[in-house]
Amino acid sequence: MIRRLLLLNGLAAIGVVVNHATGWGYTAMFWWAHRYRPVTSPNFDQMGDLSYFGLRSMEQLIMFSIPAFLFVSGFFIAFATKKNQSTVEWHVVGSRIKNLVIPYVIWSTIILLGQALQGDGVTAVEYIQTLLFGRAALPYYYVPLLIQFYLLSPILFVPAAKKNWKLLLLITGLIQLGVLLARYPELLGLQIPVADAVGRMTPGWFFPGTIFWFALGVVAGFQIRPFKAWLDKYKWVFLGLTVLSFFLAIVDWEMMLQRSGEWLTPTRTLLDEFYSGFFILAFMAFQTAKVPYAKQVNDIGVHSYGIYLVHAPVLEYLSRAIYFVAPVILGYQIIYQPILIIAGVGIPMLMMNLMNRSPARKEYKYLFG
Amino acid sequence: MDREAILLDYVKNELLRGRANNITAEDDLLGAGLIDSLGILQIVAFIDERFNIQVPDEDVVYENFNSVKALSDYLAQ
């Protein structure tokens, strides 16, 4: 089962790139429509057509990415805990955080410098805030989030997982569910002050909204034998529920869009969380199921942190270049999406491979983790 | 090369990319932050490919993987 973790990590890394490629796909479809059609943007005429549902399906398919990263990270914490100790040692956690922070600060600074060159500079206070809350690029919230989980591991996750793992899963599941439900009134256009306040207090970079996925990884790592037996027993159920929740999540979101009568910023729903969980469990359960291009996916899994950090600016600058140089491509998602996804995975991989073969390979860790 | 030397070479050149050439088989790789979760998974895959040994999930624990010597001793069992 453990070898599946690397594959899962690789699929999650591809998934993160696909997720942001679909984001640029929506931008091209609605906000940049004037670049390839005689309309005024934003224009939502294409909502509901084949390209739109193609994007939605891709976006839904890879919803498991961040939960999968957190699951794998939680599993590592269990591994890094010595058998005869009550919790993971702080210096192990500290080393892991240091390895995350240095590349993150470097790439955040590069992105902010790029923005400053375009006349959108930040003050020193804004720079610190950007780093603390992962605001340099959309996906960067994940780094402060993961650091919080690592910091909580020696005092919360490991002792709780060792003492009463069922209670840990129950409580973290309820916390995550509560945060998720608090986001619904806004999605449904309702005004409920308490829910609004909870929603505002739990942004993506703050741990309560994803706490269950990390806890599940820690518990799976400590309870590997019963976890495997449980997975094996229910693997067909997990597979069936993965397929069912995939379609239900698409229908659910479309109903919310129809109800609102306007474009809603993509937000994780309850069904997205169920789909993510069932996908991870089904993927781990079918241990011997072959994954196409497994060697390449494993390789992407090994380089996942570098891809995570570098793909965001690659996609942004590439999308903008297409906007100016070849806007006709924006009207064809079937061409636009493969360009973004291949570049989003390929350019970071190329950079990492080049650095790994250069005299500067000793510094690789500081740039790509 | 014996198994320990092959593992040490792999850790130095592939996982650490030559940035800690002075490490020994006894050094604590995890405690010193030299390798992370993905590093462990890479080692498990390498052992499978290079020595045709499938490490059972239950044996992928800190005690067996914290140093090249510990790993080599475990594989010798």
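In the text below, chain A, chain B and the rest are named by the order of the sequence lines, each starting its count at 1. Computed over heavy atoms, backbone and side chain alike; hydrogens, waters and symmetry mates excluded.
- Contacts of B:E63 with chain A are made by side-chain atoms alone, with heavy-atom separations under 4.5 Å and no backbone atom involved.
- Considering CD of B:E58 and CD1 of A:I2, their distance stands at 8.0 Å, rounded to 0.5 Å.
- A pairwise comparison of heavy atoms in A:L6 and B:L41 identifies N-CD1, 3.8 Å as the closest pair.
- When B:D28, B:D36, B:V44 are compared by the number of non-hydrogen pairs under 4.5 Å with chain A, B:D36 comes out ahead.
- Interface summary for chain B: among A:K98, A:E363, A:R96, the most heavy-atom pairs under 4.5 angstrom belong to A:R96.
- With a 6.0 Å radius and a threshold of 12 heavy atoms from other residues, nucleotides or ligands, B:F51 has its CZ atom above the threshold.
- Contact count versus chain A (heavy atoms, under 4.5 Å) is highest, among B:L34, B:N66, B:I40, for B:I40.
- With rounding to the nearest 0.5 angstrom, the CG atom of A:N99 is 11.0 Å from the CD1 atom of B:I35.
- Listed here is the closest heavy atom pair of B:D57 and A:K228: OD2-NZ, 3.1 Å.
- Heavy atoms closer than 4.5 Å to chain B are found in the side chain of A:K365, but not in its backbone.
- B:N52 CG: 12 or fewer foreign heavy atoms inside a 6.0 Å radius.
- Only the side chain of A:Y364 comes within contact range of chain B, judged by heavy atoms closer than 4.5 Å.
- Around the CH2 atom of A:W236, the shell of radius 6.0 Å holds no more than 12 heavy atoms that belong to other residues, nucleotides or ligands.
- The aromatic rings of A:F79 and B:Y62 sit tilted, their planes meeting at an angle between 30° and 60°.
- A 6.0 Å sphere centred on NZ of B:K69 holds no more than 12 heavy atoms belonging to other residues, nucleotides or ligands.
- For the set B:L16, B:V60, B:V55, the count of heavy-atom pairs under 4.5 angstrom toward chain A peaks at B:V60.
- Of the atoms belonging to A:T81, it is backbone heavy atoms, and not side-chain ones, that fall under 4.5 Å from chain B.
- In the displayed structure, B:Y74 atom OH is contacted under 6.0 Å by more than 12 heavy atoms of other residues, nucleotides or ligands.
- A:L5 touches chain B through backbone and side chain together, each having a heavy atom under 4.5 Å away.
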(request) Go through the steps to decide whether B:L38 and A:V302 satisfy the test side-chain contact (heavy atoms from CB on, under 4.5 Å), and finish with yes or no. (result) CA-CA 6 Å; B:L38 296 180; A:V302 168; 5.6 Å; no

